[in-house]
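Written below as structure tokens is the structure these notes are about.
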Amino acid sequence: MSVYEQIYAIVCQIPPGKVATYGQVATLANLPGRARLVGYALYRVDSMADDIPWHRVVNAKGEISHSPQRRGTDYLQRSLLEAEGIEFGDRDNINLRQYLWQPLASGDFGEAGGT
DNA sequence: GAAATGACTTTCA
DNA sequence: CTGAAAGCCATTT
């Protein structure tokens, strides 16, 4: 129960209306390359903690990942994300270009148009 | 202590 | 972009 706290901290820092990828959270949590640990951690957390916006954490493709055990929870996550104001694409994927959480961009400044 | 698991990421084609 | 394979290493039993 140590690396988890780091992950929880990062996930809790994710602002509403945005999402972060496991890899990014892992990096921010000082755990580069341990993306799996992030997901693994959240998997353990959701069962014992509900103060963590795990639904704001998605995979690199901007999609919702899930284990065959959680089944159905993916639907819940999508619902929560939509509640945050996030929209999904044609294949249940999110526009990371816009919804990806950027801790550096303290607000809405240098949003150098991507497209 | 060792083996098995795992909500992923990145690289090559 | 998508698809496939390898790497990653803490948690769990």
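Proteins get letters first, then strands, A, B, ... in listed order; numbering begins at 1 in each.
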Measure from [atom1] on [X] to [atom2] on [N] and round the result to the nearest Å.
{"X": "A:Gln24", "N": "B:dA7", "atom1": "CD", "atom2": "C1'", "value": "16 Å"}
{"X": "A:His66", "N": "B:dG6", "atom1": "NE2", "atom2": "C1'", "value": "14 Å"}
{"X": "A:Leu31", "N": "B:dC8", "atom1": "CG", "atom2": "P", "value": "16 Å"}
{"X": "A:Tyr4", "N": "B:dA7", "atom1": "OH", "atom2": "P", "value": "11 Å"}
{"X": "A:Glu5", "N": "C:dA10", "atom1": "CD", "atom2": "P", "value": "16 Å"}
{"X": "A:Gln6", "N": "C:dT11", "atom1": "CD", "atom2": "P", "value": "12 Å"}
{"X": "A:Ile7", "N": "B:dC8", "atom1": "CD1", "atom2": "C1'", "value": "12 Å"}
{"X": "A:Asn59", "N": "B:dG6", "atom1": "CG", "atom2": "P", "value": "17 Å"}

Complementary nucleotide of B:dA13, counting Watson-Crick and G-U pairs under 3.5 Å: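 Across all strands, the one nucleotide that pairs with B:dA13 is C:dT2.
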Upstream residue (5' side of DNA chain C) when A:Gly33 and A:Lys61 are each assigned their closest nucleotide: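 Closest to the 5' end, via its nearest nucleotide, is A:Lys61.
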First encountered from the 5' end of DNA chain C, between A:Arg91 and A:Leu37: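 In this pair, the answer is A:Arg91.
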Stacked pair A:Trp54-B:dA7, distance under 5.5 Å, angle under 30°: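 According to the criterion (under 5.5 Å, under 30°), yes, A:Trp54 stacks.
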Minimal non-hydrogen separation, A:Gln98 against A:Lys18, with atom names: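 Closest approach of A:Gln98 to A:Lys18: O-CE, 4.4 Å.
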Atom pair CG/CD of A:Leu100 and A:Gln24 - distance to nearest 0.5 Å: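 Output value for this atom pair is 4.5 Å.
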Spacing of A:Leu80 atom CG and A:Trp54 atom CH2 [to the nearest 0.5 Å]: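 These two atoms lie 6.5 Å from each other.
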Listed nucleotide nearest any side-chain atom of A:Val3, set B:dT10, B:dA7, C:dA10: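 When the side chain of A:Val3 is considered, C:dA10 is the closest of B:dT10, B:dA7, C:dA10.
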Of the listed nucleotides C:dC9, B:dA7, C:dT12, the one nearest the side chain of A:Arg44: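 From the listed options, C:dT12 comes nearest.
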Stepwise side chain to side chain contact (heavy atoms under 4.5 Å, CB included) test for A:Arg56 and A:Trp101: CA-CA 9 Å; A:Arg56 289 186 199 152; A:Trp101 175 44; over 6 Å; no
Of A:Tyr40 and A:Thr21, the one whose closest DNA chain B nucleotide lies more 5':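 The 5'-side residue here is A:Tyr40.
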Polar side-chain contact A:Arg36-C:dC8 base: donor and acceptor under 3.5 Å: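 Under the 3.5 Å cut-off, the side chain and the base do form a donor-acceptor pair.
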Backbone N/O of A:His55 and side chain of A:Gln77: donor-acceptor pair under 3.5 Å: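 Judged by distance alone, yes, a pair lies under 3.5 Å.
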